[in-house]
Amino acid sequence: MIASPKPRPFAFLLLLAAACYLSSPLHAADVLEEIGGASHTGELREIREDGAVLGEGIPAGLELSALRSVQASIGAQADSPPAAALRVDLVGGLAIHASQAEIEGEKVRITEAGGVKLALPLTLLRGIVVLGDAESQYKPALAQPDANQDKVLLAAGEDLQVLGGLLESLDAKEAKFQWQGATHAVPRERFRGLVLASAGLAKKQRPLTVNLHGGSQLPAEAVTLAEGKLRLTLGGEASEIGWNRVESLAIRSDRWAYLSELQPSEVKEEPLLTLPRPWRADRSVAGEPLKLAGRVYAKGIGAHARSRLTFDLEPGHELLAGMAGIHAGGAKGDCELSVLGDGKTLWQQRVRAGEAPKPLQIDIRGVRRLTLVVEPGEDLDFGDHVDWCDVRVIRQP
C-alpha cells in the first residue's frame, strides 16, 4: 500500500492567503480613461486640490482635467444600499436615491439611501417624489414644470392633490407652502412630492458627476481623494463619501466637448431612395439610443446617407476622437465615412452592417471647419443608419 502524503497545513494557508489577497477588492484595478481614449489601470489613491491624480500604476503627471472617467473597482463590489424612500431629481437629469430630504432657505439637505449626508444649492433641485403611487402624477409635472410656481403633491385620503404655490420649507415634521395667498403647513406624512418652478433652476453644467453604487448621481464642482475618502464641493457646501461607495466619476472640462452639444454651421442631407431622416443629437436617425456592437452610447450623432454636417471650431483643437459604424441591429447598411478638415480629407473608412465599429483618432490641429460625411456604398442608401458615437473634439492643454 502506498502511504498517503501528509497534509501540509502551512502551504495550504499560504495558498489561501494568496487567493484572498488577489481576490480582495482593495487590490482590484481602477480604470482611468483619458479624454483622447487612452486607458490606465491601477489603484487610485489620491486626487489633490490642484487636480493631480496619484496611485499605483497611474502615469506620473496625470491630471483630472485630462480624464473623461474613473471606474472605481471597490465601489463596484460593495454591498447594495438599502431601498430608497425618495428620489431627488436634479438639474441635468441626475437623481439621488434618498431616505430623507429637507429644504430650508436656499439649501437642500439630503440623506442618501446609503447614509451619505449631502448639501446642495436649491437651484440644482428639480423635484422630490415619495416612491410609490405618487410617481404617476409626479412624472408629467416634472416633465413640464410651471415657469413661476411650484407644484406640491399631497395625499388626500386615497387621492392625490396637486397644488400650485410656493414652497417655503420642508423638514421631518411638515411642509410649508404658500397657496392662494396664505401659508399652509401640512404634516410630512401627507407630503408626496414637489416640482419646483423652472424659472429658478440652474442651467450651468457641473464639471463632475459622482456615481454611487446603487444608482445615485451627485453633481460636483471639485473633488479630492485622500485616505479612502472622497470629498466633493458644490455651491460652497462640502460633503464626504467613502471611496468604497463610489462606482465611477464622470468628468467634464473645458478641454473637450461633444459634437452633439454643438450646433452645426452647415447641414446637407440628400437621401437617394429612402425617406428623409434628419440627423439627431444623442440618438440614432430612427430615434433609438446610439448603439454599436452591443454597446449603448449616451452621446453622439445619428446620421443617414447622404449627409454632411459641418462644425465651426475655435482655435486650439488638436484631436477628434470617438467611434463610428452602422447602427447595431440593422441587417443592411454599407457606407463610406469621411472626416474633412477645411475641405481636405483627414480620415476615410468603409463601414458595413455587422462589422466592428471604426475608432476615430484624428489630428485636427489648425482645423477651423470640421465636416462629418456619410456617403452610400452598395445597396444605395438602404439601411445606411450611421452612429457617430462619443465623437468629441479635444483642445490642447
Side-chain angles (χ1 to χ4, degrees), residues 24-33 41-47 51 53 55 64 67-103 107-132 135 142 202 205-253 296-299:
S24 168
L26 293 173
H27 296 88
D30 301 319
V31 180
L32 287 69
E33 183 186 0
T41 58
E43 184 183 351
L44 179 59
R45 294 174 179 170
E46 188 176 0
I47 301 173
V53 177
L64 203 62
L67 298 177
R68 289 181 67 208
S69 66
V70 175
Q71 291 293 134
S73 60
I74 296 178
Q77 301 179 42
D79 294 333
S80 297
L86 309 170
R87 188 178 71 249
V88 180
D89 289 298
L90 306 177
V91 172
L94 305 183
I96 299 173
H97 304 294
S99 60
Q100 184 61 280
E102 299 183 4
I103 299 173
K107 296 294 180 184
V108 185
R109 303 199 180 276
I110 301 167
T111 303
E112 188 262 341
V116 177
K117 302 289 186 180
L118 302 165
L120 306 177
L122 184 62
T123 53
L124 283 182
L125 179 67
R126 293 181 62 214
I128 300 171
V129 62
V130 177
L131 298 177
E135 292 179 89
L142 187 71
Q205 181 173 359
R206 304 291 160 172
L208 291 143
T209 301
V210 181
N211 299 302
L212 301 186
H213 189 63
S216 289
Q217 303 164 294
L218 315 179
E221 292 163 349
V223 296
T224 59
L225 173 65
E227 298 180 347
K229 298 290 185 181
L230 186 75
R231 186 178 177 87
L232 63 90
T233 304
L234 181 61
E237 297 283 338
S239 301
E240 191 173 84
I241 304 167
W243 183 239
N244 63 337
R245 288 294 323 284
V246 176
E247 193 165 81
S248 64
L249 304 178
I251 304 155
R252 296 295 299 266
S253 73
V296 175
Y297 294 81
K299 305 296 293 184

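Residue numbers run from 1 in the order of the sequence given.
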Could you walk me through whether Thr41 and Asp30 satisfy the side chain to side chain contact (heavy atoms under 4.5 Å, CB included) test, starting with their C-alpha distance in whole Å, then the side-chain angles of each, then the deciding distance to 0.1 Å, before giving a yes or no? CA-CA 6 Å; Thr41 58; Asp30 301 319; over 6 Å; no

Between Ala85 and Ser99, the two heavy atoms sitting closest are CB-O, 4.3 Å

With side chain to side chain contact (heavy atoms under 4.5 Å, CB included) as the criterion, how do Ile103 and Leu125 come out once you've worked through the C-alpha distance, each side chain's angles and the decisive distance to 0.1 Å? CA-CA 10 Å; Ile103 299 173; Leu125 179 67; 3.8 Å; yes

Chi angles and distances behind the side chain to side chain contact (heavy atoms under 4.5 Å, CB included) call for Leu249, Ile47: CA-CA 12 Å; Leu249 304 178; Ile47 301 173; 4.2 Å; yes

Distance-minimising heavy-atom pair for Ala98 and Ile110: CB-CG2, 3.7 Å

Is there a donor-acceptor pair closer than 3.5 Å between any side-chain N or O of Ser248 and the backbone N or O of Asn211? no

Nearest heavy-atom approach of Ala101 to Leu86 is N-CD1, 3.6 Å

Just verifying a value: how many Å separate Ser69 OG and Leu208 CG, rounded to the nearest 0.5 Å? 12.0 Å

Arg231 side chain to Ala238 backbone, donor-acceptor under 3.5 Å: no

For a quick test of reading the model, state the closest non-hydrogen atom pair linking Ala29 to Ser73 and the distance between them. O-CB, 3.2 Å

With a 4.5 Å heavy-atom cut-off, do Leu124 and Leu234 have their side chains touching? yes

By the definition side-chain hydrogen bond (donor to acceptor under 3.5 Å, both in side chains), identify the one residue from Arg245, Gln100, His97, Lys117 that meets it with Glu112. Arg245

Could you pull out the closest heavy-atom pair between Leu218 and Leu94, with the gap in Å? C-CD1, 4.3 Å

Interatomic distance, CG@Leu212 vs OG1@Thr209, rounded to 0.5 Å, equals 11.0 Å

Could you tell me the separation between the CD1 atom of Ile251 and the CG atom of Leu32, rounded to the nearest 0.5 Å? 7.5 Å

Taking the side chain as every heavy atom from C-beta outward, state whether Val246 and Leu225 have any atom pair closer than 4.5 Å. no

Taken to the nearest 0.5 Å, the spacing of Arg252 CZ from Leu67 CG works out to 14.0 Å

Shortest non-hydrogen pair, Pro207 vs Ala220, comes out as CD-O, 3.4 Å

Residues Val53, Val70; criterion side chain to side chain contact (heavy atoms under 4.5 Å, CB included); working and verdict: CA-CA 11 Å; Val53 177; Val70 175; over 6 Å; no

After noting the C-alpha distance and the side-chain angles of Arg68 and Glu33, does the key distance pass the salt bridge (charged side-chain N to carboxylate O under 4.0 Å, His left out) rule? CA-CA 6 Å; Arg68 289 181 67 208; Glu33 183 186 0; 3.1 Å; yes

What salt bridge (Lys or Arg N to Asp or Glu O under 4.0 Å) pairs are there with at least one residue in residues 83-92, not counting sequence neighbours? Arg87-Asp89, Arg87-Glu135

CD/Glu102 to OG1/Thr111 distance, rounded to the nearest 0.5 angstrom? 7.5 Å

Nearest-0.5 Å distance, CG of residue Leu232 to CG of residue Leu118: 7.0 Å

